[in-house]
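Throughout, a chain's letter reflects where its sequence line sits, starting with A, and its residues are numbered from 1. None of these values were measured; they are calculated from a predicted model.
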There are 4 protein chains.
Amino acid sequence: MTAASAHAASRGRIDKRHAILDAAITVFARQGYAQACVKEIAAEASVAKPTVYNHLTDKANLFRQAVEAAADALHAENLAALDGLTRPGDDLRAALEDTGRRLLRHHCSERSTALRRLLHAEGTRFPDLLGLPSVDPRTLATALADRLARLCVTGRLRLTDPDRAAEQFLALLTGPVDLRSGYAGRSMTTGEQDGIARAAVDVFLSAYTGSPAPPE
Amino acid sequence: MTAASAHAASRGRIDKRHAILDAAITVFARQGYAQACVKEIAAEASVAKPTVYNHLTDKANLFRQAVEAAADALHAENLAALDGLTRPGDDLRAALEDTGRRLLRHHCSERSTALRRLLHAEGTRFPDLLGLPSVDPRTLATALADRLARLCVTGRLRLTDPDRAAEQFLALLTGPVDLRSGYAGRSMTTGEQDGIARAAVDVFLSAYTGSPAPPE
Amino acid sequence: MTAASAHAASRGRIDKRHAILDAAITVFARQGYAQACVKEIAAEASVAKPTVYNHLTDKANLFRQAVEAAADALHAENLAALDGLTRPGDDLRAALEDTGRRLLRHHCSERSTALRRLLHAEGTRFPDLLGLPSVDPRTLATALADRLARLCVTGRLRLTDPDRAAEQFLALLTGPVDLRSGYAGRSMTTGEQDGIARAAVDVFLSAYTGSPAPPE
Amino acid sequence: MTAASAHAASRGRIDKRHAILDAAITVFARQGYAQACVKEIAAEASVAKPTVYNHLTDKANLFRQAVEAAADALHAENLAALDGLTRPGDDLRAALEDTGRRLLRHHCSERSTALRRLLHAEGTRFPDLLGLPSVDPRTLATALADRLARLCVTGRLRLTDPDRAAEQFLALLTGPVDLRSGYAGRSMTTGEQDGIARAAVDVFLSAYTGSPAPPE
DNA sequence: TATGAATGAGCATTCATTCAT
DNA sequence: AATGAATGAATGCTCATTCAT
């Protein structure tokens, strides 16, 4: 076997594993853990059932790996959405709104919704998942708190507890979305999301800035 | 059969139905819909399996009825928590905090947590449940919006969109709780809950009152 | 439910259990433990597969119970074959031959052959079975030794170690049978069996009678 | 390819085949035919699964070849144990006891026990195996009968049916061993074996010698 | 009405066997 | 010749649901 073909082969193996994990979240999200059957996941990934077991051992492990992969991806995207806050430029409001909008885009994506549903549903039966940083929502909150603390140091915000402020910012974004979506149902236009983001920033700034929030 | 005994009998029938529904949420909450087996529910209710079917037809219907009953009870409690806002007396802040605390008590209760978990997990497979007023979180939001609108009319608050303000108030309460609890894991002291409620009211008032929020 | 019908019902339950155990040994004997599938056992017993599980929990337990029942039955028959030795009358040779013939009849029966095959095959995986008195071949040997000891006391035999003599008597009976049958294959006429029994008694008596047995 | 390397290669091939067969009996003996999986045999032989198939076609064939090889080896040993009976010298009793002890050593070896277990368990599913001379116990019995017949001709024994006598000699040896071992369980000290061999010879000689067995 | 017993359908998992390399 | 990967076929077991009592 040449180096190239070896590389191709291991590449193929990784691709297949990826395809299976991808199929897995899709099906798990659609059916739930218990209702999802491995046969269906295999079909969705266009492989035979034992291939799934060859690559991932177990239904439980399949679930874990699939959730972990999805959570990692989403978490990375969310972290990236915070970048604009590190050096916000002149317009803090705009930077916050931009971050808010991006976070809401992710939060409302089908993947994210499905992932949250799965974690809610099966978290108690897979406690190890809840310990993963990319799964624990406090990881994002802490990262946001870091940004807010810098903004406080540079005098752009006035706050005493960055963690609490970060929680509240996130709450003001996702809370209304979750509330309107009911339990994993209705989707939402980007316009609606933007309105929520703007309102969240309004409240946030009026609380954590010397001057009251500007009228709409 | 005398009228009295008929009454007693139907009373017994209702009691048994109640016992079954009670056992059902308990077990469903512990195991999830698919993993819960009717046998276990019957055992928890101390009846035989066919009795469950006699009273409730179906596993699906059993789930529906159990969830509906639990949701109704919780919803009533939540509505009651809003009462203090109708005529808040002098101290609006105190009234809001009290409402916040009470809502958080409910929100953090085991029953409520379990119910949300079940709705998240199975909502898509029981869309009819999501339409129930006591299940739809917008029902509570609307009721709160009503109170806030009155407060606006009486000049205690300054807001243009009571629905949005209500959403945000609820978000500031439950968002931090959910965030810290991870997905249905860690529980929370009442002290923590009270801190969250106070912080929520701080932010809320600073956004929706003329004067800036008082420092902590 | 009347006492009679209750009795009938429990009788029916026992009958069904019996039918399942019966089907089980048949199939296990035909296929071996691992190759036998519960579905086939259920079919042989004319019940549905879950009924087998309702009555007997497990494939392993099914095996255990079936083997135990068969072993008990065979053991009882074998013990009965020893009865003629307790008071042998004038003709000791005839009594021994009769016992020998009866033991060989049992030993050559399809049930007994199948049972020995199963125990040989799966004994290591079901060590608890090997501890059962009706399974342990030493139980029969000891019972025979008891009879031989009585015959020694009454002067009909001359032997110093009844256990060893019993072992040898049984060996002289079953050894040639097993040898000729190959490993659970060829069956054997009763005439052949009788010849073996007579030869066994010849050897046994010449060792343990009139003419002095060699001192050890 | 040179003749030497060809030779080396075919030697390597044979070695590998041997290693596989060796691993096979080990695993088959431990697990039984059906429970043994080819993967485990391959692992025990330190080769990949397809290599097993390359060399031995089939699980069934693998079993056959492995059993046949083991049976051949054991049979050769058993035949060798009979050598001392061809010209027994002065002390017939000693020669018989020596043969008996050696046969019991083999009979009690782990390999032999395992082989018998496998043949008992799977004999009916591999009838061709039962036809092999080294598997058929009558082969050894006949060889022994030959020796006994010679001893009869030379006046050392008095018997009319050498086949029957041979069967009985073997029965007196292996019967007590099998009886005490239960079904594939308890092992046995060489002292115990020697006692059984001596007792077997006692009985055998008292039956097949004109005069009673000579005292020790 | 309440229940012990029975069942049909489904699912996770394993394994002998075969390709492609 | 040897192997990693893939698959079709089976099998043990569970569970929602229905009868018969």
Spacing of [X] atom [atom1] relative to [N] atom [atom2], expressed in whole Å:
X	N	atom1	atom2	result
Q31(D)	dT14(E)	CD	C1'	14 Å
R17(C)	dA6(E)	CZ	C1'	17 Å
N61(B)	dT17(F)	CG	P	10 Å
I20(C)	dA6(E)	CD1	P	7 Å
L56(C)	dG12(F)	CG	P	14 Å
K16(D)	dA2(F)	NZ	C1'	7 Å
N54(C)	dT17(F)	CG	P	17 Å

Where the side chain of [X] is concerned, which of [options] is the nearest nucleotide?
X	options	value
P50(C)	dA2(E), dA9(E), dT7(F)	dA9(E)
A48(B)	dT3(F), dG8(F), dG4(E)	dG4(E)
T51(D)	dT7(F), dA2(F), dA6(E)	dA2(F)

Can you list the residues that meet the side-chain hydrogen bond (donor to acceptor under 3.5 Å, both in side chains) rule with [X], with sequence neighbours excluded?
X	value
T113(D)	none
N61(A)	Q65(A)
S134(A)	D72(A)
D22(B)	none

- Results of side chain to side chain contact (heavy atoms under 4.5 Å, CB included) for A66(D) - residues two or more places apart only: L21(D), A24(D), I25(D)
- Determine the interplanar angle of the F126(B) and F63(B) rings, folded into 0 to 90°, and report it as parallel if under 30°, tilted if 30 to 60°, perpendicular if over 60°. tilted
- Can you check whether H55(B) has a side-chain N or O nearer than 4.0 Å to OP1 or OP2 of dA2(E)? yes
- Query: If every non-hydrogen atom of I20(B) is compared with every non-hydrogen atom of T51(B), which pair is closest and at what distance?
  - Reply: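 Shortest heavy-atom contact: CD1-O, 4.3 Å.
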- Pairs where residues 47-64 of chain C contributes a residue and the test salt bridge (Lys or Arg N to Asp or Glu O under 4.0 Å) is met, not counting sequence neighbours: R64(C)-D128(C)
Distances for protein N/O vs nucleotides 11-13 of chain E N/O pairs under 3.5 angstrom?
unit_1	atom_1	unit_2	atom_2	d
dA12(E)	OP1	A36(A)	O	3.2
dA12(E)	OP1	K59(A)	NZ	3.0
dA12(E)	OP2	V38(A)	N	3.0
dT13(E)	OP1	D58(A)	OD1	3.4
dT13(E)	OP2	Y53(A)	OH	3.1
dT13(E)	OP2	K59(A)	N	3.1
dT13(E)	O4	K49(A)	NZ	2.7

Under 3.5 Å donor-acceptor pairs involving side-chain atoms of residues 32-40 of chain D, not counting sequence neighbours:
unit_1	atom_1	unit_2	atom_2	d
Y33(D)	OH	A60(D)	N	3.4
Q35(D)	NE2	E122(C)	OE1	3.4
E40(D)	OE1	Q31(D)	NE2	3.2
E40(D)	OE2	R30(D)	NH2	3.3

- Task: Name all stems that contain residues of DNA chain F, defined as runs of 3 or more consecutive Watson-Crick or G-U wobble pairs, both distances under 3.5 Å.
- Result: E:2-21 with F:2-21
